[in-house]
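Notes to accompany the following structure.
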Amino acid sequence: MINALNKEITVFLNSIEGCSKKSIEIINEKYSSTITDDLSNGHITSNVCMVAASILKLNPKELSIQLAKQLNDLSIYEKVEAAGPGFVNITLKRNDFLSILETIQDKKDFFGQTDNKSGDKIQIEFVSANPTGPLHVGHGRGAAYGDAIARILTAAGSKVEKEYYINDAGRQIDILTASVMLRLNKSNDDFFPQNAYKGLYIEDIATNIKNDKKLEIKIDSSLFLNLSKDPEEEIDQLISALKDRNNKEWLIIKDFSLNSILKSIENDLKDFNVSFDVWFKESSLGNLADNKSKMYASIKKLQDDGEAYLKDGAVWLNTEKSGDDKHRVLIRDDGRATYFASDVAYHKDKVDRKFDKLINVWGADHHGYIKRIEASIEALGDKKEKLIVKLVQFANLFKNGKKVKMSTRSGDFYSLRDLINDIGPDAARFYYLSKQADQHLDFDLDLAKSDSKENIFYYIQYAHARIFSLEEKYHQKTTSKEINRGDGYNASYLKCDKLIHEISKYPSIVNKSAATLHPHLIIFYLRDLSQLLHSFYNDNHVLSEDPENLELIISSLSSVRQVISNGLSLIGISPIQEM
RNA sequence: GCGCCUGUAGCUCAGCUGGAUAGAGCAACUGCCUUCUAAGCAGUGGGUCAGGAGUUCGAAUCUCUUCAGGCGCGCCA
């Protein structure tokens, strides 16, 4: 409908005296024809005259009157009016307005998705929490967000691949291994370093190893005598000593711990309805000593291309070129690679996989890291615009009006698993996504469980359930199971118009949500739609309506339910059929 | 000090690629259940869109600036 209008608008622009091809191009770029906010301005509106007027130095009001006349003469619309400062408002013919119902009945679950599936190949990397403990509620927000934009971009026609980057090679894994090993230690129960992981899950892993592997560890207590007072040094000394003295056990414990934590993470995500296409291990990048590794290759490429250089015994990358505030070390003067070097190698691998766009979903505390990753992508010879980093702010959880604690090192914290058990995966996802991802979120657990209108999650679900129940009752009453479409409508029945107009906006909401990577637009749209539904439901006793109106009503409601269901599925939530 | 984010009704937030009288929920007050799910609906009051300047036919939206709040600035990961 809008495309057809825009074609007529192009005809109009061409008919304006002194309007060059170039001007038309600029105007086409800038104006927009959209579905109106509400029916008081017709069904479709265009601001083309105001845009054209400012470029061509003409009077917008006069232009809009001309355009309205020209469109009226085509007699394909019920009514075209010039309005306000230069809008052109279009009222569709009745059958055209109602045709959206047929479209929805035809497309069903696919309504709102782009027909053209030849979009970009996009990789979204998200969560990527270090496998040193259970996921906390901060990770939950990233998981909900990454998964939602994956679904939304897919609906908008992109080919999306979801990836989790596992940091299984760094010092933190050593700390994990040491922590478990100390818990396994028979001979000295009371020694536990400050910087080791203290959670209960460490003890669980230790217990499981003991049972599964029949592993006994006895650490010579002399080891604990001469450790550094500095907690960082202390844990490093322990790690290297434990590795040396119990190397065989070390490797077994490391492997076992890592796998059990990864399994629990995967399990938490599964129960949160989040899945990944690729689990990418940092360790698969290999290490610098191996000249066949990806790690070696990426650093070598940077050096060969003159992007990385040697200074003070270390290898540096000039990241200032891309706006970073200082150069960054890739390889330390002792020959060990930095975390940054791994990330460069990882991003080289991503670039080599030929995605059109790389979306990284990071915790907001990593924002200082963006510039240097962009710089490394440019140094590797690609455009930094290919990388889109979306930051997700931390969420504060409130329970009984009090802030819920969540730190990983101290054992006691509220995990994603706790959240899922508490309010269910759907409500959790819903509230995570109810505010823009890059802003602080106060997550009220009591609200998410409450049964008032303030709980928008149930407000929307309730709208869906009400329609579902009506449809069931309607089908029981009528002999034919199929709802008749099209010519059976009583087109003069107007009470459903607000609903029909609202659902016709849905495809553009999906597109906007995809273009801006803002899933919350879907939520706010569904809330508005639900509000109209509840209002309609209260004003009209559907099943006792005149039979000649009933088909249109049921078809409208059915379409509303379909749109709610489709919208919810974009944010990974299943609709409820019965409250 | 530098960088990023934020400031809209008493509270929690939408709206931000400039567009028509700035919206919603909560809270306050008033109505609506002998009929399909009241986890609902209808109504009333409530605003210098943090302050200032600029661009524009038009600014909550763009630019500059001031103020206030949050976060980040390791050869840690």
Side-chain angles (χ1 to χ4, degrees), chain A residues 29-32 36-37 40-41 45 47 50-51 53-54 57-61 83-87 89 130 132 167 169-175 232 236 282 311-316 323-343 363-371 391 393-394 434-436 438-442 444 447 450-463 465-474 477 512 515-516 520-521 523-525 527-528 530-531 533-545 576 578-579:
Chain A
E29 187 78 12
K30 287 186 75 177
Y31 88 89
S32 60
T36 54
D37 289 341
S40 61
N41 291 322
T45 185
N47 64 357
M50 289 180 288
V51 171
S54 76
K57 305 284 174 225
L58 295 169
N59 182 322
K61 187 91 201 169
F87 290 101
N89 293 339
N130 286 333
T132 54
N167 290 107
R171 175 166 167 263
Q172 300 195 47
I173 298 304
D174 287 338
I175 299 177
E232 295 285 332
D236 283 337
E282 181 186 1
K311 187 187 150 205
D312 301 334
V315 177
W316 298 71
D324 200 4
D325 44 13
K326 56 185 275 197
H327 295 198
R328 305 289 172 175
V329 170
L330 288 164
I331 303 171
R332 300 180 180 94
D333 52 12
D334 63 6
R336 283 155 47 229
T338 60
Y339 180 79
F340 179 46
S342 294
D343 252 1
D365 53 333
H366 287 70
H367 87 252
Y369 210 74
I370 297 174
K371 290 262 165 67
L391 296 177
Q393 282 285 358
F394 282 106
S434 65
K435 198 176 168 184
Q436 281 191 41
D438 61 355
Q439 293 181 27
H440 292 274
L441 173 73
D442 286 338
D444 185 339
L447 172 64
S450 81
D451 53 2
S452 74
K453 183 176 181 177
E454 203 182 351
N455 187 345
I456 317 168
F457 174 66
Y458 281 110
Y459 185 74
I460 293 169
Q461 293 284 21
Y462 188 32
R466 277 183 149 175
I467 301 173
F468 187 84
S469 151
L470 275 183
E471 284 177 305
E472 292 234 297
K473 293 199 166 69
Y474 172 75
K477 266 176 70 172
K512 191 172 181 187
T516 55
H520 74 281
L521 297 180
I523 285 183
F524 282 95
Y525 167 75
R527 191 204 54 195
D528 291 345
S530 301
Q531 177 152 39
L533 183 277
H534 287 307
S535 180
F536 180 87
Y537 188 93
N538 261 269
D539 289 348
N540 303 281
H541 192 265
V542 172
L543 294 178
S544 52
E545 276 288 334
I576 293 176
E578 204 175 323
M579 298 296 285

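Only heavy atoms go into these numbers, but all of them, side chains included; no hydrogens, no water, no symmetry mates. Order of the sequence lines sets the chain letters (A, B, ...), proteins ahead of strands, with each chain counted from 1.
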Would you mind classifying the nucleic acid contact of E578(A) as base, sugar-phosphate or nothing, using non-hydrogen atoms under 4.0 angstrom?
base

Please determine whether a side-chain nitrogen or oxygen atom of K512(A) lies at a distance below 4.0 Å from atom OP1 or OP2 of rC16(B).
yes

For N41(A), answer base if it contacts any base atom (sugar-phosphate contacts may also be present), sugar-phosphate if it contacts only those atoms, and nothing otherwise; contact means non-hydrogen atoms under 4.0 Å.
base

With RNA chain B as reference, determine whether M579(A) or R328(A) sits nearer its 5' end, using the nearest nucleotide of each.
M579(A)

Between rU35(B) and rG40(B), how far apart are the two C1' atoms, rounded to whole Å?
15 Å

Suppose you measure atom P in rU63(B) against the same atom in rU55(B); what distance do you get, rounded to whole Å?
16 Å

Taking syn as a glycosidic torsion within 90° of 0 and anything else as anti, which one is rC26(B)?
anti

Under 4.0 Å between any heavy atoms, over every strand shown, what does K57(A) touch: base, sugar-phosphate, or nothing? Just pick one.
nothing

Considering every strand and a 4.0 Å limit on heavy-atom distances, what is the contact class for N540(A): base, sugar-phosphate, or nothing?
base

With a non-hydrogen cut-off below 4.0 angstrom, is S535(A) in contact with a base, only sugar-phosphate, or nothing?
sugar-phosphate

Provide the distance between the two C1' atoms, one in rC62(B) and one in rC16(B), to the nearest whole Å.
10 Å

Look at R466(A) and rA38(B) and indicate whether a side-chain polar atom (N or O) is within less than 4.0 Å of OP1 or OP2.
yes

NA contact type, Y462(A), heavy-atom cut-off 4.0 Å: base, sugar-phosphate, or nothing?
base

Using atom C1' in both nucleotides, what's the gap between rA24(B) and rA9(B) to the nearest angstrom?
11 Å

Within the modelled atom types, does a donor on one side and an acceptor on the other bring the side chain of T45(A) and the base of rA20(B) under 3.5 Å apart?
yes

With sugar-phosphate meaning primed atoms plus P, OP1 and OP2, does S342(A) contact a base, only sugar-phosphate, or nothing at under 4.0 Å between heavy atoms?
nothing

With a non-hydrogen cut-off below 4.0 angstrom, is D365(A) in contact with a base, only sugar-phosphate, or nothing?
sugar-phosphate

D37(A) or N167(A), whichever maps to the more 5' nucleotide of RNA chain B
D37(A)

Given rA14(B), rG40(B), rG19(B), identify the nucleotide with an atom nearest to the side chain of K435(A).
rA14(B)

Base-pairing mate for rC49(B) - Watson-Crick or G-U, with both contacts under 3.5 Å:
none

Please determine if a side-chain N or O atom of K326(A) lies less than 4.0 Å away from the OP1 or OP2 oxygen of rC73(B).
no

Within the structure shown, what part of the strands sits under 4.0 Å from I456(A) by heavy-atom distance: base, sugar-phosphate, or nothing?
nothing

Please answer whether rC36(B) and H541(A) are stacked, defined here as ring centres separated by less than 5.5 Å and planes angled under 30°.
yes

Looking for any heavy atom pair under 4.0 Å, which part of the strands does Y537(A) touch: base, sugar-phosphate only, or nothing?
base

B/S/- contact track for nucleotides 2-10 of chain B, protein heavy atom under 4.0 Å:
-BSSS----

Verify stack between F524(A) ring and rA14(B) base, 5.5 Å, 30 degrees:
no

For A83(A), which contact category applies under a 4.0 Å heavy-atom criterion: base, sugar-phosphate, or nothing?
base

Could you label the plane-to-plane angle of the F340(A) and Y369(A) rings as parallel, tilted or perpendicular, counting under 30° as parallel and over 60° as perpendicular?
perpendicular

Has the side chain of N89(A) got a donor or acceptor that lies under 3.5 Å from a partner of the other kind on the base of rA20(B)?
yes

For S434(A), report the nucleic acid contact type (base, sugar-phosphate, nothing); a contact means any heavy atom under 4.0 Å.
nothing

